[in-house]
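Fair warning: this is a prediction, and the values are worked out from it, not measured in the lab.
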Amino acid sequence: WSPLLPGLPAMTLPVWTRLSFPAALLAAFFFLFALSMALLTVPDYLPSQHPVSLLGTLPGMAGALYRWAIFIVPGLLMGISSLCLPQAARLGRPGRIGLQLGVIAALGYMLMGMLGIGSSMELEAAMRGQALAWLLWLSAAVAACMLWAIELQRAGRGLPAVALLLAGLMLLLISLLPVPGLTGPLAQPLAWLLWMAV
């Protein structure tokens with residue numbers, strides 16, 4: 001681990017830590033594959049005009065499949081990625097809390113699929129559940145980025161810390177504020193992909 005945390009003695013990484021990056025990569029793959037399939041198979045679907053969650057309203061199995069492929073499976077994989085981070089055994093308090101918040105963000109993201117608008121719930125209740133799950137994801141994801149940046153800074157890794165801090169701020173910017181030239185429905189999947197990348 002010495003390349004990751006300078007000053008610490010070299011250690012052999014546990015086998016399970018090798019799952020962190022592949023799990024996040026697989027989450028992004030599922031997400032992008034599902035969106036690509038929607039562009040090819042769903043008539044009149046435009047990512048710049050239609051929120052991704054509306055794919056869950058498709059009739060029959062299609063809506064359920066999109067909720068699983070866009071939200072539930074990627075969320076599960078991101079939770080695994082957070083739990084398998086190689087640095088987990090050597091973290092200080094900010095890093096440990098950030099690790100837990102990363103798992104909470106993944107759970108919030110999964111809930112966006114489980115409480116999909118296309119479920120049997122009434123529309124108003126479903127939208128309220130979606131909003132709460134989204135808020136849980138955003139707040140936990142941004143806080144995790146900030147705490148991990150603090151942990152990396154304490155470990156002497158200034159450049160990755162700054163990159164992670166900027167990623168958290170960008171998540172807030174894309175998710176909450178209007179960005180010129182970027183529509184709301186398109187900003188949301190970009191924010192989710194940024195989260196999977198960090």
Side-chain angles (χ1 to χ4, degrees), residues 1-32 71-113 130-180 182 184 187-198:
W1 289 355
S2 52
L4 297 173
L5 300 177
L8 293 178
M11 292 181 61
T12 303
L13 289 173
V15 174
W16 52 265
T17 62
R18 299 174 189 171
L19 297 175
S20 182
F21 177 73
L25 191 63
L26 197 55
F29 170 79
F30 264 95
F31 183 83
L32 289 173
F71 292 107
I72 298 175
V73 173
L76 178 62
L77 289 168
M78 288 302 294
I80 293 171
S81 177
S82 292
L83 289 172
C84 293
L85 283 169
Q87 303 98 323
R90 288 294 187 101
L91 295 179
R93 177 170 291 182
R96 288 196 300 271
I97 297 173
L99 179 69
Q100 295 164 1
L101 287 171
V103 175
I104 292 171
L107 290 174
Y109 188 80
M110 289 176 65
L111 280 174
M112 283 188 270
Q130 276 269 321
L132 288 174
W134 175 82
L135 185 60
L136 175 64
W137 164 78
L138 179 64
S139 56
V142 171
C145 286
M146 301 303 168
L147 288 169
W148 272 97
I150 293 171
E151 187 67 38
L152 289 172
Q153 181 63 38
R154 289 175 54 183
R157 301 186 65 202
L159 190 58
V162 171
L164 206 52
L165 181 64
L166 290 176
L169 293 175
M170 192 170 294
L171 272 179
L172 273 179
L173 174 67
I174 295 175
S175 299
L176 297 178
L177 301 177
V179 179
L182 189 63
Q188 201 59 71
L190 289 178
W192 291 331
L193 281 173
L194 174 62
W195 169 62
M196 294 175 193
V198 299

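Scanning for side chain to side chain donor-acceptor pair (under 3.5 Å) contacts around S175 gives an empty result, with sequence neighbours left out. Partners of V162 under the side-chain contact (heavy atoms from CB on, under 4.5 Å) rule, at least two apart in sequence or in another chain, are L166. Applying the side-chain contact (heavy atoms from CB on, under 4.5 Å) criterion to A27, with sequence neighbours excluded, gives P74, L77, M78, M196. A search for ring-ring contact (aromatic ring centres under 6.0 Å, His included) contacts involving F31 returns nothing, not counting sequence neighbours.
Note on ring orientation: taking the six-membered ring where Trp is involved, the planes of Y109 and W195 are tilted (angle from 30° to 60°).
Residues W148 and L99 come closest through the heavy atom pair NE1-N, 3.5 Å. A pairwise comparison of heavy atoms in A23 and I80 identifies CB-CG2, 4.2 Å as the closest pair. Among all heavy-atom pairs drawn from R93 and R154, the shortest one is N-NH1, 4.4 Å. The minimum heavy-atom distance between L194 and A167, with the atom names listed, is CD2-O, 3.8 Å. Residues G98 and L147 share a closest heavy-atom pair of N-CD1, 3.9 Å. M110 and I72 get closest at one heavy-atom pair: CG-O, 3.5 Å.
L164 CG to L159 CG: the interatomic distance, rounded to the nearest 0.5 Å, is 11.5 Å. Within the model, atoms CD1 of I174 and CG of L182 stand 7.0 Å from one another, a figure rounded to the nearest 0.5 Å. Annotation: the span from M170 atom CE to L165 atom CG amounts to 11.0 Å, rounded to 0.5 Å.
Annotation: L177, atom CG; neighbour count of heavy atoms from other residues, nucleotides and ligands within 6.0 Å is above 12.
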Show me, pair by pair, the donor-acceptor contacts under 3.5 angstrom made by side chains of residues 136-146, not counting sequence neighbours?
unit_1	atom_1	unit_2	atom_2	d
S139	OG	L135	O	2.8
S139	OG	L136	O	3.3

Subject >> L111 and L132: CA distance, side-chain angles, deciding distance, side chain to side chain contact (heavy atoms under 4.5 Å, CB included) verdict >> reply: CA-CA 9 Å; L111 280 174; L132 288 174; over 6 Å; no
